[in-house]
Amino acid sequence: MSKNNELVDDLVAKLKRRQLVGSSTVAQATLKLLIVVISKNNWTTCNQLVTLVKSVGRRLVQANPTELAVGNIIRRVLHVIREEFREAESIASHMDQNETHSAPLTTSSSMYNLLGETGSTPAEKNVQYPSSLRSNIIQEIREIKDELENIYENIKNQASLQIHSNEIIMTVGRSKTVEEFLKMAAVKRKFQVLVAESAPSYSGQEMALELSKAGIETTVIPDSAVFAVMSRVNKVILGTHAVLANGGLVAISGTHMMAAAAKHHSIPVVVCTGLYKLSPLYPYDEDSFNVTFNPDSVLGFEEGDLIEKVTVTNPYYDYVSPDFVNLFITNQGGHPPSYLYRLIVENYDPNDHTFDL
Amino acid sequence: MPPKEKVESTEQLLQAVILADSFDERFQPITLETARCLLPLCNVPLISYTFEFLAVAGVQEIYVFCCSHSEKVKDYVKQYEKTSNMKIHTIVSQECYSVGDAMRELDAKQLIDTDFILVSGDVVSNMKLDKVLEEHRARRQADKSAIMTMVLKKASPHHRSRAVGDGSLFVLDQSSKECLHYQPVKAFKSTRQDRRMTMDMEIFEKHPEIQIRNDLIDCQIDICSVEVPALFTENFDYQDIRADFVHGILTSDLLGKTIHFHEVSDVYAARVRSTQMYDAVSKDIISRWTFPMVPDSNLPTGDCYEYRRGLVYKEKSVVLSRTCVVEEKVVIGANTQIAENSVLSNCVIGKNCVIGANVKIDNAYIWDNVTVKDNCVVQRSIIANGAVLEQGVTVSKGCLISFNVIIGANTTVPPYSRITALPDEEEGEDELVSEPAVVGATGHGRSFKEAEDSDDEEDQVDPRNKQVNRLAFDMSALNFETLQQEESASEFESEASDVEEDEVNPAEELDREITQTLERAFKEDHDVDIAALELNTLRMASNSNFHEMRKRIIPGVLKNIDLSAKAGSKKTVKAVLTQWGPLIGKMIHDEEDQVDGLFILQKACATIYEDPALAQKIFAPTLRYFYDEEIAEEDSILKWYHSEASRDGTETEKRLHKVATPMIEFLEQSESEEDDEDEDSE
């Protein structure tokens, strides 16, 4: 087991208490923890390390199952570990020519392997791994870390391709990614942004303030007016909390309505997201990755007589099905929703979709 | 405490003190067997909500004060400490009987050397304390006499999370955030003292603008300075932190200390002070007002609740049968099974429970390892660990069924019962003697009787002030007292279902009680207000209405008249009417009541004196008095007079009807004159 239980406990508690929220924050915290766990613990084989990371991962994911970025980062790390071991093994087998060529340690994404022996890891062989393995793995994970830190750079560089002069853009809620994206576009182009206020969190208002500070012509509209003004809009640009395997979004409530209105008016919907938000999980029902918040912002707790008689729910997210989305702009370029499966295969190992050992 | 920790605490180490004992008996008999702070609230021990609240506030060190069931608390705290990064110390003190004792103990042990957070072990809150702490520290820097900051939460007067009967009145200065005066408020203000508030005139001189607030929930989360425990030691008679300490400090001229407040509105904070609050807070948690402290956050390790639509929280290992119905607002703990056709709504069910077929559970709190067999009905009750309800048991509202009680088949447990399986020590029993009348023939348990209030300091505790705290206490009965002036008798019909089937006929009982009350009032020359209050109390206690009251009070007053009494005596018609007439007036509110009153008067006079001549001697002046004092208005008198019923009855009654004729004529005449005048003036 992990020697860094205290650190894990701490992060688990913070996730449970929701002291750490937001995809990017939790992703970075998870990665930081994993680097410590991997570098401070003793392990020799691939299986050992995978088990170690998975056991930590399971606790973190259970702590707050709706923060999908936690699971994604763990899967990325596991993928890196498996890749590095595979590479080290092939080098080792090259050096030891006597040994018969061994099957790859982990399943690759070929059709043969998907149907064949997924899940069963071949028995550990007595391979002498090069001493650089540990540092290589850490190095690879640091690269993920760099990627996380520079995520906005890669996304916002595509801004001028998407936004043209004198366009009217609509967005909802406050997303750091969308904010950076629009600000970047504003350097070269002049355009107008409509922001839905996003009740009851009103994060749209904050977003509008930030955009107007950057000199973008911004208008706040009530959520109820989204459909009414949609006909004038050229493009809808959305941020998201997570992207699911089918291309569906878990995004701030109000997004679904906006996406549906856009579809009605045949207006393109573009989603800006870092790849770390892409999860290999499927939504089996619309509530599965949602969080229901304190109803206080919908109906004040002071209204004692009312709250006894009425049930108030305040879901924070919407599920937006993939057919509402036209394009995903990620740090690896733009992709249509139908292409997401490929990104998942490239970034995650199918053995890691769940953290059961 | 090792000295090393002392060094640490000179830095800004945030400490908290939890008073794990409630020093009252509201949860008995359940609290006879476990500590109050370990009672499960939505399947999580109460105190862990408090721990969680403090952990979020950034507290590093906690002292838990406990006295009753200290071993159990200690065990739990040890277990909890393992999973948290806070240092938690348990202080056991068997001699503590109040908050004051605990604070004195704290002072004696010298454990605290910085400002600390004082909470009781039953606080549920999602508040972030950093702002309050900051405010408090800044104030302390500026003014050393600011010794305490209370956190108060705004809520409407009839809010469900307001503890009924534990109200408080705060006099506040918004500009300096200072609390100027404090007064506890009881639900039933039976003594004159309860109804009055005395404030120092100086307050008005010093503060140009003050607020007197009754809309604040006092969640008893206090930021205290080190002086607070010391002040408790100095004033060794302080028991309660509010009624004694705050009130005492604020009214004292010598100490010169000030107490401040912090008002919050958009966060949740409440205390589980009573069974009624247990119900309210459970509902708040289920309705997610306490977010993120909700079951599906799975704060205790090992929990694995899922949130479903309709505020249903279900552990993964729950087995629900195909036909059972889980309605709204339900929490179901791990490994619980629910059989066919059972209906659950607004309830919490613990771990490892077995719920049989065709069971109806509504608004109930069922703890761990409870077995509820087929065809049971449970309403608005608490059923503690290990209890068994055999087939066909009905548990009515407001019951507390303690640990390991067995209720035999087909028993109906009456409302507000408290049943325990512990032997009655006061009776000197070593083994439990089951009471088949309560728990059925095959049951195991006895009804629990509350110990007599030995607290002599509180001169008279109105028993109803205890009742209002109970689970499922009828709020309608309560609201009613404050509204009675506006509401008429006709609107109040006794809820027959609520009245227990007693051997004593409730009507006779009421008769007797009222007669006694009146006799006492006459004899001791009570104030009419006091007599009215007592009678009102009786009315509510017996769940009666105003008509019943009038039927008894009017004859009662009239009986007191002695026709042979000489002028100047207290018993003449006039003297009695002037003294006690207003009492009748207090029982009459609208026109319908007035007509009713007149019928009663007619009947009463006829009953007291068979002889019409004597009867009319009281009837005429009383009628006159009614008219003069506007107890009965013109219209009502006419209505009475012209009604069929008033003309019927015994000879005497008929005679009395006739007696009224001159007066009626006079009234009709004057009315028509008025009409004439009106017409003239037009």
Side-chain angles (χ1 to χ4, degrees), chain A residues 4-22 58-67 200-202 284-317 319 354-356, chain B residues 52-53 55-58 82-86 126 128 153-162 215-217 264-270 280 283-294 296-313 316 328-329 346 475 479:
Chain A
N4 310 91
N5 254 333
E6 266 183 30
L7 283 175
V8 181
D9 283 343
D10 192 47
L11 185 57
V12 165
K14 277 186 176 154
L15 284 170
K16 276 190 178 180
R17 289 178 189 140
R18 302 186 62 85
Q19 285 171 318
L20 275 185
V21 282
R58 195 174 47 209
R59 290 193 55 202
L60 294 180
V61 168
Q62 269 177 7
N64 192 345
T66 54
E67 288 292 355
S201 66
Y202 298 105
Y284 292 108
D285 68 79
E286 291 184 0
D287 290 340
S288 43
F289 299 109
N290 211 340
V291 193
T292 316
F293 265 44
N294 188 342
D296 208 70
S297 48
V298 182
L299 180 70
F301 190 65
E302 284 85 28
E303 312 279 336
D305 305 339
L306 253 181
I307 64 153
E308 219 162 307
K309 296 176 190 113
V310 215
T311 307
V312 193
T313 47
N314 180 13
Y316 193 73
Y317 297 123
Y319 170 69
T354 61
F355 296 114
D356 299 329
Chain B
E52 203 56 44
F53 161 61
V56 173
K82 275 184 211 156
T83 57
S84 81
N85 45 13
M86 298 183 286
N126 59 1
K128 290 193 175 58
K153 179 166 167 51
K154 200 180 161 201
S156 63
H158 295 288
H159 203 287
R160 70 169 171 208
S161 68
R162 183 181 277 270
D215 63 339
L216 296 168
I217 294 183
V264 292
S265 57
D266 50 351
V267 293
Y268 185 83
K283 289 203 169 115
D284 290 339
I285 291 174
I286 295 171
S287 310
R288 305 181 78 82
W289 293 99
T290 55
F291 186 85
M293 272 186 226
V294 286
D296 60 323
S297 288
N298 295 317
L299 292 168
T301 29
D303 276 14
C304 203
Y305 284 96
E306 281 175 351
Y307 168 78
R308 300 286 185 86
R309 279 205 177 174
L311 300 170
V312 172
Y313 305 86
K316 278 199 171 124
E328 266 199 337
K329 300 184 184 172
N346 300 307
M475 287 298 283
N479 293 343

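Since we're looking at a predicted model, the values are computed, not measured. Numbered from 1 within each chain, the chains take letters A, B, ... in sequence-line order.
Note: A:Thr292 leads A:Val291, A:Thr311, A:Thr292 in heavy-atom pairs under 4.5 Å with chain B. Of the listed residues (B:Ser287, B:Ala280, B:Ser265), the greatest number of heavy-atom pairs within a distance under 4.5 Å of chain A belongs to B:Ser265. Taking chain B as the reference chain and counting heavy-atom pairs below 4.5 Å, the highest number among A:Asn294, A:Val312, A:Asp10 is found for A:Asn294. Among A:Asp287, A:Asp9, A:Thr313, the residue with the largest count of heavy-atom pairs under 4.5 Å with chain B is A:Asp287. Chain A forms more heavy-atom pairs under 4.5 Å with one residue of B:Tyr307, B:Tyr268, B:Phe291 than with any other, namely B:Phe291.
Checked against side-chain hydrogen bond (donor to acceptor under 3.5 Å, both in side chains), A:Asn314 has the following partners two or more places apart in sequence or in another chain: A:Ser297. A search for side-chain contact (heavy atoms from CB on, under 4.5 Å) contacts involving B:Lys283 returns B:Arg160, B:Asp279, B:Asn363, B:Tyr365, not counting sequence neighbours.
Side-chain atoms of B:Asn126 do not come within 3.5 Å of backbone N or O of B:Pro292 as any donor-acceptor pair.
For a residue to count as touching a neighbouring chain, one of its non-hydrogen atoms must lie under 4.5 Å from one of that chain's; by this rule A:Arg18 touches chain B with the side chain only. Only the side chain of B:Leu311 comes within contact range of chain A, with heavy atoms under 4.5 Å apart. Contact of B:Glu328 with chain A is made through the side chain alone, with heavy-atom distances under 4.5 Å. With a 4.5 Å cut-off on non-hydrogen atoms, A:Asp296 touches chain B through its backbone and its side chain both. Residue contact with chain A, scored on non-hydrogen atoms closer than 4.5 Å, is absent for B:Lys128.
Between B:Arg288 and B:Asp296 there is a salt bridge, since a side-chain N of the basic residue sits under 4.0 Å from a carboxylate O of the acidic one.
Separation of the B:Tyr313 and B:Tyr305 ring centroids does not fall under the 6.0 Å cut-off.
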